[in-house]
Amino acid sequence: QVQLVESGGGLVQAGGSLRLSCAASGLTFSRVAMGWFRQAPGNERELVSGNSWSGRSTYYTDSVKGRFTISRDNAKNTVYLQMNSLKYEDTAVYYCAATRVTGYYDRPSAYAYWGQGTQVTVSS
């Protein structure tokens, strides 16, 4: 059974930083692409960032480029999202996701496994 468990969310002031972590089990982590989605109230879930199984290929939505960094540690079965220069509009529930279609790390519809989400709240 695939399990993705996020941690690291919280309340932060605008301009601050947070680091999200997602620990994966029940799959061969080094053979899956990983991604981070977010969903704010009233909005659709959007793919924020994704990376390939090796971590060498990455995707970022335009609004977070230069501020967020995705990384992974295949030895620890963990993917991270470092979020810097946070803005009020980054407030959302952030979800970790995985896809076995490793080349599709930038395609939201490819993701089949989901974590429970972690709340990120940025105060203005």
Check: Considering all heavy atoms of both residues, which atom of A98 and which atom of L27 are nearest to each other, and what is their separation?
Finding: CB-CD2, 4.2 Å
Item checked: Pairwise salt bridge (charged side-chain N to carboxylate O under 4.0 Å, His left out) hits with a residue in residues 53-65, at least two apart -> D62-K65
Next item on the list: Supply the atom-to-atom distance Q116 CD to Y95 OH, rounded to the nearest 0.5 angstrom.
Entry: 9.0 Å
Check: Cluster partners of L11, using ILVMFWY side-chain heavy atoms under 4.5 angstrom, listed by chain and number?
Finding: none
Check: Applying side-chain hydrogen bond (donor to acceptor under 3.5 Å, both in side chains), which residue pairs with at least one partner in residues 17-29 are found, sequence neighbours left out?
Finding: S17-N84
Check: Got a donor-acceptor contact below 3.5 angstrom from the R72 side chain to the T78 backbone?
Finding: no
Checklist line | Residue pairs, two or more places apart or on separate chains, that pass disulfide (SG to SG under 2.5 Å) and touch residues 18-76 | finding: C22-C96
Checklist line | Distance, nearest 0.5 Å, that separates CD1 of I70 from OG1 of T58 | finding: 8.0 Å
Margin query: Has S52 got a side-chain atom pairing as donor or acceptor with S57's backbone, closer than 3.5 angstrom?
Written below: yes
Note to self: Let me check something: do V48 and V79 share a hydrophobic cluster, defined by ILVMFWY side-chain heavy atoms less than 4.5 Å apart, either directly or through other members?
What the structure shows: yes
Contacts under 3.5 angstrom, residues 30-42 side chains, donor-acceptor by atom type, not counting sequence neighbours:
| from | atom 1 | to | atom 2 | distance (Å) |
| --- | --- | --- | --- | --- |
| W36 | NE1 | Y80 | O | 3.4 |
| R38 | NE | E46 | OE2 | 2.7 |
| R38 | NH1 | D90 | OD1 | 2.9 |
| R38 | NH1 | Y94 | OH | 3.0 |
| R38 | NH2 | E46 | OE2 | 3.2 |
| R38 | NH2 | S63 | OG | 3.2 |
| Q39 | NE2 | N43 | O | 3.1 |

Next item on the list: Just do the side chain to side chain contact (heavy atoms under 4.5 Å, CB included) check on L47 and Y111 with the steps written out, would you?
Entry: CA-CA 10 Å; L47 176 60; Y111 287 87; 4.3 Å; yes
Item checked: Non-hydrogen atoms of A24 and F29 that approach each other most closely -> CB-CD1, 3.6 Å
Notebook entry, point to check: Are W114 and V93 connected in a single hydrophobic cluster, I mean Ile/Leu/Val/Met/Phe/Trp/Tyr linked by side-chain heavy atoms less than 4.5 Å apart?
Noted result: yes
Checklist line | Value rounded to 0.5 Å, distance of CE in M83 from CG in L20 | finding: 3.5 Å
Notebook entry, point to check: Linking I/L/V/M/F/W/Y whenever their side-chain heavy atoms sit closer than 4.5 Å, directly or via other members, would W53 and L4 fall into one cluster?
Noted result: no
Check: Roughly how far, to the nearest 0.5 Å, is CG of L86 from OG1 of T121?
Finding: 10.5 Å
Notebook entry, point to check: Under the side chain to side chain contact (heavy atoms under 4.5 Å, CB included) criterion, do F68 and L81 qualify, and how do the steps go?
Noted result: CA-CA 7 Å; F68 290 11; L81 186 67; 4.1 Å; yes
Please list, one pair per line, the donor and acceptor atoms closer than 3.5 Å that link side chains of residues 99-107 to other protein atoms, with sequence neighbours excluded.
| from | atom 1 | to | atom 2 | distance (Å) |
| --- | --- | --- | --- | --- |
| T99 | OG1 | V101 | N | 3.0 |
| T99 | OG1 | A110 | O | 2.8 |
| R100 | NE | Y113 | OH | 3.1 |

